[in-house]
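Side chains are part of it too, since the values below use all heavy atoms of this structure and drop only hydrogens, waters and symmetry mates. Start at 1 with the first residue, then count along the sequence.
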Amino acid sequence: MDIRKKITITYVALSTFSTLLLCIVVFVLFRANNQYYFLKRLEDRAKIVASIHFQKDLEKIKYYRNLKKNGLEELIEEEEFVLRVNSQNSFEYNTNLNLPNEFYTNILKTGKDFFEVDNKYYLGQIFTESNQKYIVIVGARDRKGKTTTVYIVKIMLFGGIGFVFLAFFLGRFLAKRVINPVARITKEVNRISASNLHNRLPEVKNSDEISDLTATFNDMLDRLETSFEIQANFINNASHELKTPITTIIAEAEIMLLKDREVAEYKESLENIYSQASRLGNLTESLLKLTQTGYDGKKQVLDIARIDELLMEVKSDLDKIFPDNRVSIKLNFAPKDSNLLLLPCNKPLLELAINNIITNGVKYSDNNEVFVTLSANQEKIRITINDIGIGIPPEDIPHLYEPFFRGKIATKYIGYGLGLPLASKIIRMHDGELQVQSEENKGTIVTIIFKKSNIKTSNVKS
């Protein structure tokens with residue numbers, strides 16, 4: 001059974017149950033209301049019967065009888081009995097009355113009681129005249145109450161059946177409305193394959209479970225696309241980049257093996273082999289780091305780091321690699337509350353990403369000044385890296401995050417085109433955002449933003 005039918009059946013069942021419960025409550029209350037007002041009428045009749053019985057004035061007796069006959073609504077099968085009470089537990093019994101003993105006992109104890117048999121009500125009440133007690137019993141059939149009760153039962157029966165049919169169509173409408181977004185997502189998902197992983201589900205801005213499902217699936221596609229990109233680029237580009245140093249090493253070794261050489265020639269050849277092997281090692285290490293960031297969104301977040309301390313550690317590492325670097329880290333915009341600088345992260349990977357970006361600023365500005373600014377508030381942490389280097393041509397910006405891509409004016413610098421793609425993937429892994437603004441020959445501004453609302457603290461070790 002599909003979900004639409006389940007939702008429809010569940011909705012109809014719940015609607016039927018609630019309607020039945022409502023009908024029962026209405027029926028009980030309606031019947032109790034009819035009974036209450038009919039007993040009040042019998043109570044009024046009992047008072048008039050008592051007045052007629054106790055009056056000695058013929059005119060007053062005539063008046064009460066006319067009032068009863070013409071001034072009050074007629075009662076069906078009305079009966080009247082006046083029974084004299086002899087003592088606390090005895091009274092004059094009338095053989096025309098076939099009522100249970102409990103009825104009389106309750107009247108003597110409480111002064112009033114009623115009894116119902118076959119929709120006919122008997123009301124008994126004690127009246128006192130000249131220190132003598134009497135039990136006045138008035139009986140009548142509540143035909144009107146029975147008629148209205150049957151009428152209301154018919155209304156509820158046919159209305160309930162009609163509502164069940166209405167609930168069926170409303171249930172189908174509800175099921176269709178609930179399932180349609182899921183069906184749309186299913187249809188869109190079926191269109192996505194390995195050849196078009198760049199496609200995404202349309203965003204839903206209702207902030208409900210469907211929008212959460214859409215966002216979750218799009219996040220999964222981001223991770224899949226990242227993994228596919230890494231694998232494709234590794235196969236397509238790594239072979240080309242790895243081939244050059246390997247070919248050079250093999251060729252150099254073959255030449256040296258052709259005949260005996262002088263020591264200086266061997267030394268020069270070994271230096272060439274060492275240089276190419278070092279290049280091969282650096283390239284392989286960079287590729288391995290790149291492939292390791294095909295993240296699952298959970299395992300990489302290991303601890304909590306203070307961003308200002310992390311930047312100072314990056315600066316310390318840069319000072320060892322580039323002793324004469326002109327990188328300035330400005331913390332004057334950092335908040336006094338150190339808790340605002342805390343970020344759940346994989347510290348070594350995040351250091352690597354920021355180091356790559358700052359190193360690019362140093363390299364492509366020919367070791368000119370690079371300014372690193374840190375700011376933070378309750379909503380986000382912002383790191384801005386500003387250099388005054390060669391800049392990036394507009395046509396190269398869309399390809400910045402492609403592994404092995406190098407711009408036309410960047411080819412004169414040593415590199416593999418892996419630093420920025422690696423940094424981008426690490427920052428994405430931490431739910432951060434990387435923004436690049438650049439103008440050719442004027443410099444580049446790289447902004448890293450970590451929004452607090454996106455940070456996944458559930459993966460942090462205590």
query = Is the shortest distance from a Lys or Arg side-chain nitrogen in E313 or K347 to a carboxylate oxygen in the other one below 4.0 Å?
reply = yes
key: Salt bridge K40-D44, side-chain N to carboxylate O under 4.0 Å   = no
side-chain contact (heavy atoms from CB on, under 4.5 Å) partners of [X], counting only residues at least two apart:
X: R306; value: D308, E309, S338, L341, L342
X: Q35; value: L39, F114, E116, Y121
X: I24; value: L20, V28
X: A46; value: Q125, F127, V136, V138

State whether the side chain of [X] and the backbone N or O of [Y] hold a donor-acceptor pair below 3.5 Å, judged by distance alone.
X: T16; Y: V12; result: yes
X: T10; Y: K6; result: yes
X: S438; Y: G443; result: yes
X: S316; Y: M312; result: no
X: H430; Y: N346; result: yes

key: Residues in side-chain hydrogen bond (donor to acceptor under 3.5 Å, both in side chains) contact with E102, at least two apart in sequence or another chain   = none
query = Under the side-chain hydrogen bond (donor to acceptor under 3.5 Å, both in side chains) test, which residues partner K112, sequence neighbours left out?
reply = E43
key: Pairs touching residues 153-179 that satisfy ring-ring contact (aromatic ring centres under 6.0 Å, His included), sequence neighbours left out   = none
ask   = So which pairs with a foot in residues 319-376 pass ring-ring contact (aromatic ring centres under 6.0 Å, His included), sequence neighbours left out?
value = Y364-Y413
With a 4.5 Å cut-off on side-chain heavy atoms, are [Y] and [X] touching?
X: S365; Y: V370; answer: yes
X: I383; Y: T447; answer: no
X: R45; Y: L123; answer: no
X: I357; Y: I448; answer: yes
X: L400; Y: V436; answer: yes
X: I381; Y: I449; answer: no
X: I250; Y: E254; answer: yes
X: I304; Y: L343; answer: no

What are the two closest heavy atoms between [X] and [Y], and how far apart are they?
X: A305; Y: L310; answer: CB-CD1, 4.4 Å
X: N325; Y: V327; answer: OD1-N, 3.2 Å
X: M156; Y: C23; answer: SD-O, 3.4 Å
X: I107; Y: G124; answer: CD1-CA, 3.5 Å
X: L42; Y: A140; answer: CD2-CB, 3.9 Å

task = Show your working on side chain to side chain contact (heavy atoms under 4.5 Å, CB included) between L311 and L374 and close with a plain yes or no.
result = CA-CA 9 Å; L311 289 176; L374 172 65; 4.0 Å; yes
ask   = How would you list all residue pairs meeting side chain to side chain donor-acceptor pair (under 3.5 Å) that involve residues 374-398, not counting sequence neighbours?
value = E395-K408
task = Among residues two or more places apart or on two chains, list those pairs meeting side chain to side chain donor-acceptor pair (under 3.5 Å) that have a residue in residues 350-362.
result = N355-T359
ask   = Is there a donor-acceptor contact under 3.5 Å linking the side chains of E433 and Q435?
value = yes
Inter-residue atom distance [X].[atom1] - [Y].[atom2], 0.5 Å rounding:
X: I249; Y: S275; atom1: CD1; atom2: OG; result: 9.0 Å
X: N332; Y: I329; atom1: CG; atom2: CD1; result: 12.5 Å
X: E439; Y: N441; atom1: CD; atom2: CG; result: 9.0 Å
X: D142; Y: K120; atom1: CG; atom2: NZ; result: 12.5 Å
X: E252; Y: E268; atom1: CD; atom2: CD; result: 7.5 Å
X: S15; Y: L166; atom1: OG; atom2: CG; result: 8.5 Å

request  = Might you work through the side chain to side chain contact (heavy atoms under 4.5 Å, CB included) test for L350 and F450, ending with a clear yes or no?
outcome  = CA-CA 12 Å; L350 193 57; F450 298 101; 3.9 Å; yes
Would you find more than 12 non-hydrogen atoms of other residues, nucleotides or ligands less than 6.0 Å from [X] atom [atom1]?
X: R143; atom1: CZ; result: no
X: D324; atom1: CG; result: yes
X: E77; atom1: CD; result: yes

request  = Only pairs at least two apart or in different chains count here, so list each salt bridge (charged side-chain N to carboxylate O under 4.0 Å, His left out) that has a residue in residues 166-176.
outcome  = none
key: Residue pairs fulfilling salt bridge (charged side-chain N to carboxylate O under 4.0 Å, His left out) with at least one residue in residues 146-166, sequence neighbours excluded   = none
query = Could you go step by step and tell me if T248 and N272 meet the side-chain hydrogen bond (donor to acceptor under 3.5 Å, both in side chains) rule?
reply = CA-CA 8 Å; T248 303; N272 290 336; over 6 Å; no
request  = Take I392 and T444 through the test side chain to side chain contact (heavy atoms under 4.5 Å, CB included) and record every step on the way to the result.
outcome  = CA-CA 7 Å; I392 305 171; T444 302; 4.1 Å; yes
task = I would like to know whether I388 and K442 meet side chain to side chain contact (heavy atoms under 4.5 Å, CB included); could you show each step before the answer?
result = CA-CA 6 Å; I388 48 177; K442 290 189 177 181; over 6 Å; no
remark   = Only one of V153, T149, V25 passes side chain to side chain contact (heavy atoms under 4.5 Å, CB included) with F30, and that residue is T149
